[in-house]
Protein chains: 2
Amino acid sequence: MPKKITMAVVAEMAGVTKSTVSRYFNGGYVKKATREKIQKVIEEYNYAPNTFARLKAKESNVIGVVVPTLNSKVTSRVITSIDRYLRDRNYTTLIKNSDHDIDLELLNIQKLIHLNVDGILISSIAITEDHHDIFEQTQIPIVILAQDYEDGISIIDDDYNAGKCVGEYIGRTGHKKVGYIGVYETDEAVGVRRRQGVLDGLASFGIYDPLIKKSDYSFLGGQKNTREILEEMKPDAIVCATDRLAFGAYKVLQEKGLRIPEDISVVGFGGYDESSLLTPELTTLKFDSYGMGYLGAETILKMIKEEPISKKQIVEYEFIEGKSVKNRT
Amino acid sequence: MPKKITMAVVAEMAGVTKSTVSRYFNGGYVKKATREKIQKVIEEYNYAPNTFARLKAKESNVIGVVVPTLNSKVTSRVITSIDRYLRDRNYTTLIKNSDHDIDLELLNIQKLIHLNVDGILISSIAITEDHHDIFEQTQIPIVILAQDYEDGISIIDDDYNAGKCVGEYIGRTGHKKVGYIGVYETDEAVGVRRRQGVLDGLASFGIYDPLIKKSDYSFLGGQKNTREILEEMKPDAIVCATDRLAFGAYKVLQEKGLRIPEDISVVGFGGYDESSLLTPELTTLKFDSYGMGYLGAETILKMIKEEPISKKQIVEYEFIEGKSVKNRT
DNA sequence: CTGAAAGCGCTTACAG
DNA sequence: CTGAAAGCGCTTACAG
């Protein structure tokens, strides 16, 4: 059996030159009769051109995607969405995982640049000086996902307004004594902007003194902070910066025999699938990760075609009303 | 700023030929003094060779990975593990997502073959005739993950024994009337072997007539099947072929006011992180996805180096006792 | 230990 | 509408 066929072989079998076969694949002029001959050979031999041998092409039709982990629901959604968008438009998606290692992330970006990809999408945990340097040295279009990047193009979640939405909701439903479990400020988006939104939302309903805790992103962190809150106050609501933290709150409250939402309301951010599995269903706010991937892919292709784009795009969020917040008015 | 540097340019700046620079990267003979000159230029310009321009190399150092979805916890774990293993050994991982589309999966495999990758890891939901045809036509080493493939190399979960373990557990804890929510038989591993294990395990405790349902892999499917089971019988236990299906069962049972495990025990397969968040915690069985990725990557590299390998490797599982099964003895 | 030359599988002006 | 030729960024025998 033919182990692997090249364009030259296909050309020969079809009785043309590889120039013509190349044109066949790249939308150049090929007479209908010729086209059909080529097509027949391609089908018979299951030929597909080597995307990466297009060394001389101006466009590689490859888009690189750099992600901090492969092991997150949000990242999975974003990549799936990017991949679908690009695949439908005849682009190859090249995924590079940085495994939460900032040096590896930089290296991945470098490699993609040297690979001559047409564009790079970066979902980063933090933008450093080194990132800046690299971005300045390259002409390749780059889009930053989920982090606000003032010196370039970015797609971000609307953390402030999402926070405000939740803060107002808790205020409007008549809560008075609120605990907040947030994350550290190194995460600009969640640690700073989302928290500020929540605080402003609460304040607009006269709640000026929520008890604020900070945690990492873990289930255990949520548990620990919930215990601390319960020791220091008697809250009627706990707002958690992520659903995972809220899972921790559930665990502790249920262990202590406190009822959700009768005794204490709980709310999160994330809209993870599993949030609706909890009892009671978690009230949460879902960011549109599929939308972020879609917009990111769309934007990078627009940049490549030199079409006009926005510097910053803000992705929708959706409030998901579960059964974990009681109306106390 | 230099937009992009090639090996020829690096060579010139270092005062050598690209032959030498190539050797520098591929471990050929380079005098120490020369090596240092090259290294200096590389660092200064942040040069990295274009992995995909190695058209003439016998080895591409690229391994392709085909997955049915990017959007699953299990897949995420497997890819993360593969990627780490290969990265550490100087291989590039090329991930192709088939998005649950069997034609796309076949196309992805074809493309990887034409890309001249050194090996392909395939995590498939089903091995078809077309797969066979492709595998036979290529010399490229291929490892099948999670499906038993008699005509080639595979790494599989121990679905039969895992199923048996759960079936016996349900029998041993004194259950009598069991519902089983499985998946379709096109998925050999889960749809056939896992189910058979469960049935045999149950049978060894005298339970010969469980009510068997089939579903896709979805949360909704789990709900639908649970409703059907409840209409047709009054079970004291429901065994679900995946945790996600078990989540669906939880949902329906809780809606109907049936208590887990007092009224009905529930058990799943998967060991998803979120299973421990449920109330009560789900009793489940966890397969070693990281181990599967590791072994898959290790095996494909061994095949490339023509070292001896096993035809079939079976990955560990771990029984995780939650609180969703009642001892009725 | 290093260079000159041919070639990998493809694309692209340029003729015709 | 198609072919001949040069070239993309790299690797690899083969000399020296």
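Chain identifiers are assigned alphabetically (A, B, ...) following the order of the sequence lines, protein sequences preceding nucleic acid strands; residue numbering begins at 1 within each chain. On a predicted model such as this, the values are computed, not experimentally measured, just so you know.
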For this session: Report yes or no: is the cationic atom of Arg89(B) (NZ for Lys, CZ for Arg) closer than 6.0 Å to the six-membered ring centre of Tyr85(B), at no more than 45° off its axis?
Result: yes
Problem set entry | Nearest to side-chain heavy atoms of Val16(B), which nucleotide of dC10(D), dG3(C), dA6(D) | dG3(C)
Exercise. Between Lys312(A) and Glu150(A), does at least one N-O distance fall below 4.0 Å, as a salt bridge requires?
Worked result: yes
Exercise. From the list dT11(C), dG9(C), dT12(D), which nucleotide is the closest neighbour of the side chain of Lys56(B)?
Worked result: dT12(D)
Exercise. Rounding to a whole Å, what distance do you find between Tyr29(A):OH and dG3(D):P?
Worked result: 17 Å
Exercise. Counting only heavy atoms not in Glu306(A), do more than 12 fall under 6.0 Å of its CD?
Worked result: no
Exercise. Taking for each residue the nucleotide of DNA chain D with the nearest heavy atom, is it Thr34(A) or Lys18(A) whose nucleotide lies nearer the 5' end?
Worked result: Thr34(A)
Exercise. Do the side-chain N or O atoms of Asn50(B) get closer than 4.0 angstrom to the phosphate oxygens (OP1, OP2) of dC10(D)?
Worked result: no
Seminar exercise, completed: Picking from dT2(C), dA13(C), dA6(C), the nucleotide nearest the side-chain atoms of Arg23(B) would be dT2(C)
For this session: Grab the CG-P distance between Asn61(A) and dT11(C) for me, whole Å please.
Result: 10 Å
Exercise. In whole Å, what is the span from the CD1 atom of Ile38(B) to the C1' atom of dC1(C)?
Worked result: 12 Å
Problem set entry | Closest-nucleotide 5' rank along DNA chain C - winner of Glu59(A) and Ala33(B) | Ala33(B)
For this session: Please indicate whether Glu12(B) has more than 12 foreign heavy atoms, meaning atoms of other residues, nucleotides or ligands, lying under 6.0 Å from its CD.
Result: no
Exercise. Under a 3.5 Å cut-off for both distances, is dA4(C) Watson-Crick or wobble paired, and to whom?
Worked result: none
Problem set entry | Ser19(A), nearest nucleotide to its side chain (from dT12(D), dA4(D), dC1(D)) | dA4(D)
Problem set entry | Rounded distance in Å - CZ (Phe52(B)) to P (dT11(D)) | 13 Å
Exercise. Is the phosphate of dC10(D), meaning OP1 or OP2, less than 4.0 Å from a side-chain N or O of Tyr47(B)?
Worked result: yes
Exercise. Rounding to a whole Å, what distance do you find between Arg54(A):CZ and dC10(D):C1'?
Worked result: 18 Å
Problem set entry | Thr17(B) side chain near dG3(C) phosphate (N/O to OP1/OP2, under 4.0 Å) | yes
Exercise. For dT11(C), does OP1 or OP2 lie under 4.0 Å from any side-chain N or O of Lys58(A)?
Worked result: no
Exercise. What integer distance in Å separates Glu12(B):CD from dA4(C):P?
Worked result: 13 Å
Seminar exercise, completed: Testing dC10(C), dA4(D), dC10(D) for proximity to the side chain of Met7(A), the answer is dC10(C)
Problem set entry | Pi-cation contact, Phe52(B) with Arg54(B) (under 6.0 Å, within 45°) | no
Exercise. Are any of the side-chain heavy atoms of His131(B) and Ile102(B) separated by less than 4.5 Å?
Worked result: yes
Seminar exercise, completed: From NZ of Lys37(A) across to C1' of dT2(D) the rounded distance in Å is 11 Å
Seminar exercise, completed: Out of dC1(C), dT2(D), dG9(C), minimum distance to the side chain of Lys31(A) belongs to dT2(D)
Seminar exercise, completed: Applying the 3.5 Å cut-off to both distances, the Watson-Crick or G-U partner of dA13(C) turns out to be none
Exercise. Does a side-chain N or O from Thr20(B) land closer than 4.0 Å to OP1 or OP2 of dG3(C), or not?
Worked result: yes
